[in-house]
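Step one of this worksheet: look at the structure below.
Here is the naming used below: chain letters follow the sequence lines, and residue numbers restart at 1 for every chain.
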Amino acid sequence: MSAAAGTTNQAPETGTAAPAAAKQRWSGLRRVVAQPKGLVGLTLVVLYLLLAIFGPLLAPHDPFRQDFAATLKAPSAAHWFGTDQLGRDVFSRVLIGARATLGVGVGGVTFAFLFGVPLGVLAAWRRGWIDALVMRVIDVMLSFPDIVFALAIVAVLGASTQNVIIAVGVVSVPIFARTARAVTLSILAEPYIEGSASLGASPKRIILRHVLPNISGTLLTLSTLLFASTLLSASGLGFLGLGTQPPNPEWGTMLGESRSYIRSNPYLATFPGLFLAGSALAFNLLGDALRTIYDPASRHAVRKRPWLGALRRKARPASRDAKPEATTGPAPAVSVRDLRLAFRAGSGLLEVVRAVDLDIQPGRTLAVVGESGSGKTTLLRAIATLANPEQVAVTGGTILIGGESAIDLTPSAMMDLRRRKIGVVFQDAASALNPVLTIGAQIAEAVRIGTDLDAAAVRQRCAELLSDVGISDPERRLAMYPHQFSGGMKQRIVIAIALAQDPQLLLADEPTSALDVTIQQQILALLGDIQRKRGMAVLIVTHDLNLVARFADDVAVMYAGAIVEHGAVAQVLDSPRHPYTQALRAAIPGGAGRRGKPLDAIGGEPPMVGMLPAGCAFRPRCQRTHGRPECGRAEPPAEMVAGRKVACFFAQEGLS
Amino acid sequence: MSADAIVATALSRHFVGRRPLFSAKPAPVARAVDGVSFRVPRGSCFAIVGESGSGKSSLARLLVGLLQPTAGEVVVDGEPLSALDATGLRRLRRRIQLVLQDPRASLDPRMSVFETLHEALAVHGLHPGRKARAERIATTIGLVGLSPAHLDRFPHELSGGQRQRAAIARAIICEPDILVLDEPVSALDVSVQAQIINLLMELKQRLSLTFVVITHDLALVEHIADAVGVMYLGRFVEQGAAENVCDAPRHPYTQSLMAATSHAGATGKAGVLEGSIPSPLAVPSGCSFHTRCPAARLIAARDPASAVATPDGLLPRRCVTQDPVSQAAPNGASTATCHFQDELPTARPQLQPA
Ligand SMILES: Nc1ncnc2c1ncn2[C@@H]1O[C@H](COP(=O)(O)OP(=O)(O)OP(=O)(O)O)[C@@H](O)[C@H]1O
Ligand SMILES: Nc1ncnc2c1ncn2[C@@H]1O[C@H](COP(=O)(O)OP(=O)(O)OP(=O)(O)O)[C@@H](O)[C@H]1O
Ligand code: SF4
Ligand code: SF4
Ligand SMILES: [Mg+2]
Ligand SMILES: [Mg+2]
């Protein structure tokens, strides 16, 4: 670990969370405009909406005034879009028609939303016969072509704007209901729903506060996409003379009226047609962009990107001293040098990982231990190339994975690196699994990467992996969903998925925290086996010092984002030199003699991110400093003491 | 009010799967919890331990009424859960709180910590008024060792341990009488773990709170529990006073669990059970532990005359064919469910030097 002096003088006023909340709220919008299609779509949609609002004010002529002296005139300076068969100004009629046309779209989608969404949520919530009934009705409704169905409704209700809205609305109700049901079902399978139920929240509250906000993204996307098709259906009805009645202009109606003149005066149909097509396109683009953000299937794939990324890269200081493949031995599986990571907060950057150095050779295991919140997960995610660049900035240093830099890759290079080399086990296993897919499907997805096994062989491999991680009856259990497994089983399934890709580097964040010793030993034995056979390197984040003792070769102790003690397990755990490591050892429960007595928690609070005390970060809680001024002056550099690196000015004082 | 906070009688929960299409086989039944009985006196701490997949979380859900039992009954504070309607159950929820196993997943991703805690108060109409609620929230967040700056964070902006503490804060903010904690400290580093355990023990003493703690950490059990139930494949194979069960385990399963626990600093590999827990879809005949029981193998080797050959080796006939019943230990402080419990050595095996 390199000298870390003078790195921690962040002003304590950083880290107010109000801007963070605001950022969260606006992040949807930012992610829309970060995609070209989103930007174009959103701009067009806004323009169309402005047109609908201000169109009547802009119209140069009275759109209803007939002028039989000037019928069917071609476009000219006076009449930009020409005049129609009654001599009315087409441009003005198009402007005015925007309101009616878009109004029908809005009305239709609103109608469908208001009826479809409650129906779908109700079906998902109550299940049973209500669900069955709703689904049957939906199936029947969906079996008619849209426009035929809408025609039938208008034919029954009579031709008017209002009835067109109802017709196109009814046509879209089943789509809303079905989607709302599907997303509600998947949200209801999330553990936080159970969490608030166990809190005592009423069904109404669960739906309003937990389900609706979480499905709103999907529903917004759907509304936008359906808007385009609703608009077209409505215009179709208008074209057939069943919509807005003359003389009121509406783009579909105008198209219908121009039918007879399509040969002689094509411009009559062209302009309303262009506006109509443009609006459908605009909403479709916007919907597509929203879908990339909210669709669960693509949620992890696309995040942000193009030009913003390039700018960001430039803003970053050029990485120092990257010296790959200079040494003689095998390249380390991971090599991290002077890595600094910071969260982007409203008020600037909050440094969470400060000047971390580490190396793992193939076949070796490094354990990272440290207090909750010390930055272990953030470090691990960065090495896994999974840090979300919208939230985490690499402010310095290098990460080499098998000799390749893992910083600032293009998305495709990153995916490739991940796929070829890295397996990751996340800290919260349950949330890493997709609740609506069977675990067989999820393991198979990982198995298929990089192999061309046939379906039967893939299935066979999945079953093997399951029994490898100690889940019996694998054949039958492959067809089960995540919620049908226990917490520890989910954790093991995530391990199986990580191993399925045959990684060269396994990054495991608390992989066995939900497992009892028996299974833990089996999993560790399995990992050890794979390590020996294939030289896999393992970085394991854990708080279980017993596990470290049994399984790891080296250990790095993190405190407030920096590594304070780093060396071989036997040395660091048996005779810790840093006061923090010593305190960690003392806090382990155990020993029958101490039953019921308070445990030796480390006094004081861990520092907040970005608000480190001056000097040594551990000083406010340190038992060794005794107010010595050195500790307050500068951050202690890591130095070799008794065979390991320790960052403490008084490491020589040794065991307390 | 009864003296027992929780009484569970012959509690079972079987999950019935979907019957395979075009197959004469009956639908698979997973016996997640299978005939569990115990009582938790007010103000005491009951621990449930057992291997992963043994049915601990399912049992916890049954206790708070999140799952309906297929058989048996839970009585909380003298009120049978089956007699409560939805409103009654929701009212009861203030007094019995469950902290779920996965802290990240159990917090709504769109709610800040403040909103989550506020919701708990709002649901039960506690501490009315903006200021009173904000104060209560600030005190609670301090109790679990988070700082007020964490209140405006969303779950994804917290570390794993911080999320777990937020989940615990949500459970204790309504001042419940009974707390059911599913692996409350397994996501926490030792120092925060110590802080939370100390907090729980303090709450227990000060407010005479009743705890049910689910854990796989036997060191923790020894430290905080008064009584313990050891679960294997949906049943309690041994239960009784914590010190008796931990120091003198009588069931072979408990014995191997204890043997595998190593205390601080131990580096040796303790003898651990082989194989994995059978699927609750296919519970073995006789004693459900016979497929892995080390004691049964020893006994069969000693007395081959009354043993039978099975795919799992030579085993005593009784273990394979006969369901053992639970019997009290001579001192009456614990019960175990094993045919041969009196023939096994009871001393705590292979304790690692601390
Ligand atoms: N998106 C974010 N914005 C701001 N701060 C964050 C964000 N994500 C995490 N943090 C903070 O950064 C710190 C480090 O988090 P990290 O998840 O890396 O901790 P950890 O060492 O893995 O802890 P644990 O053992 O509890 O999982 C924590 O204090 C956390 O509150
Ligand atoms: N909804 C369900 N449908 C079918 N089987 C289930 C369901 N829920 C749980 N099970 C099964 O019941 C068994 C016990 O699960 P449970 O979650 O109670 O275990 P646990 O003891 O809490 O384990 P862990 O320590 O891993 O959390 C598991 O085999 C699990 O697969
Ligand atoms: S003695 Fe000083 S330098 Fe060493 S850990 Fe304590 S405060 Fe830091
Ligand atoms: S009954 Fe037999 S198999 Fe079961 S625990 Fe006792 S000795 Fe082992
Ligand atoms: Mg973490
Ligand atoms: Mg569980």
Provide the closest heavy-atom pair for [X] versus [Y] in the form atom of the first, atom of the second, distance.
X        : Y        : answer
B/Gly161 : A/Gln427 : N-NE2, 4.4 Å
A/Tyr192 : B/Pro109 : CE2-CD, 3.3 Å
B/Ser279 : A/Ser472 : N-OG, 3.1 Å
A/Arg477 : B/Pro280 : NH2-CD, 2.8 Å
A/Ala201 : B/Arg90  : O-CD, 3.5 Å
B/Ser186 : A/His543 : O-CE1, 2.6 Å

Do you know which of [options] has the most heavy-atom pairs with chain A at a distance under 4.5 angstrom?
options                     : result
B/Arg91, B/Glu51, B/Gln101  : B/Glu51
B/Cys174, B/Ser57, B/Pro278 : B/Pro278
B/Leu89, B/Ile277, B/Leu100 : B/Leu100

Heavy-atom cut-off 4.5 Å, strictly under: side chain, backbone, both or neither for [X] against chain A?
X        : answer
B/Ser112 : neither
B/Glu202 : neither
B/Pro148 : neither

Item checked: Option in A/His210, A/Glu510, A/Met489, A/Arg209 with maximal non-hydrogen atom pairs under 4.5 Å from chain B -> A/His210
Note to self: List the residues meeting side-chain hydrogen bond (donor to acceptor under 3.5 Å, both in side chains) with A/Glu371, not counting sequence neighbours, and say none if there are none.
What the structure shows: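 Counting only residues at least two positions away or on another chain, A/Glu371 forms a side-chain hydrogen bond (donor to acceptor under 3.5 Å, both in side chains) with A/Arg621, B/Ser191.
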Notebook entry, point to check: Cut-off 3.5 Å, side chains only: do A/Ser372 and B/Ser159 have a donor facing an acceptor?
Noted result: yes
Margin query: For a 4.5 angstrom cut-off between non-hydrogen side-chain atoms, does A/Gln520 reach B/His216?
Written below: no
Notebook entry, point to check: Is a side-chain N or O of B/Arg93 found less than 3.5 angstrom from the main chain of A/Ala197, in a donor-acceptor match?
Noted result: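 Yes.
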Next item on the list: Kindly write out the residues that satisfy salt bridge (Lys or Arg N to Asp or Glu O under 4.0 Å) with A/Asp473, not counting sequence neighbours, or none if the list is empty.
Entry: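 Testing A/Asp473 for salt bridge (Lys or Arg N to Asp or Glu O under 4.0 Å), a comparison that skips the adjacent residues, returns A/Arg476.
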Checklist line | Residue part contacting chain B, namely of A/Ile519, when any heavy atom lies under 4.5 Å | finding: side chain
Next item on the list: Tell me, for A/Thr378 versus chain B, whether the close heavy atoms (under 4.5 Å) come from the side chain, the backbone, both or neither.
Entry: neither
Working to the nearest 0.5 Å, report the span between [atom1] of [X] and [atom2] of [Y].
X        : Y        : atom1 : atom2 : result
B/Asp108 : A/Ile206 : CG    : CD1   : 11.0 Å
A/Ser513 : B/Glu183 : OG    : CD    : 8.0 Å
A/Leu212 : B/Arg110 : CG    : CZ    : 11.5 Å

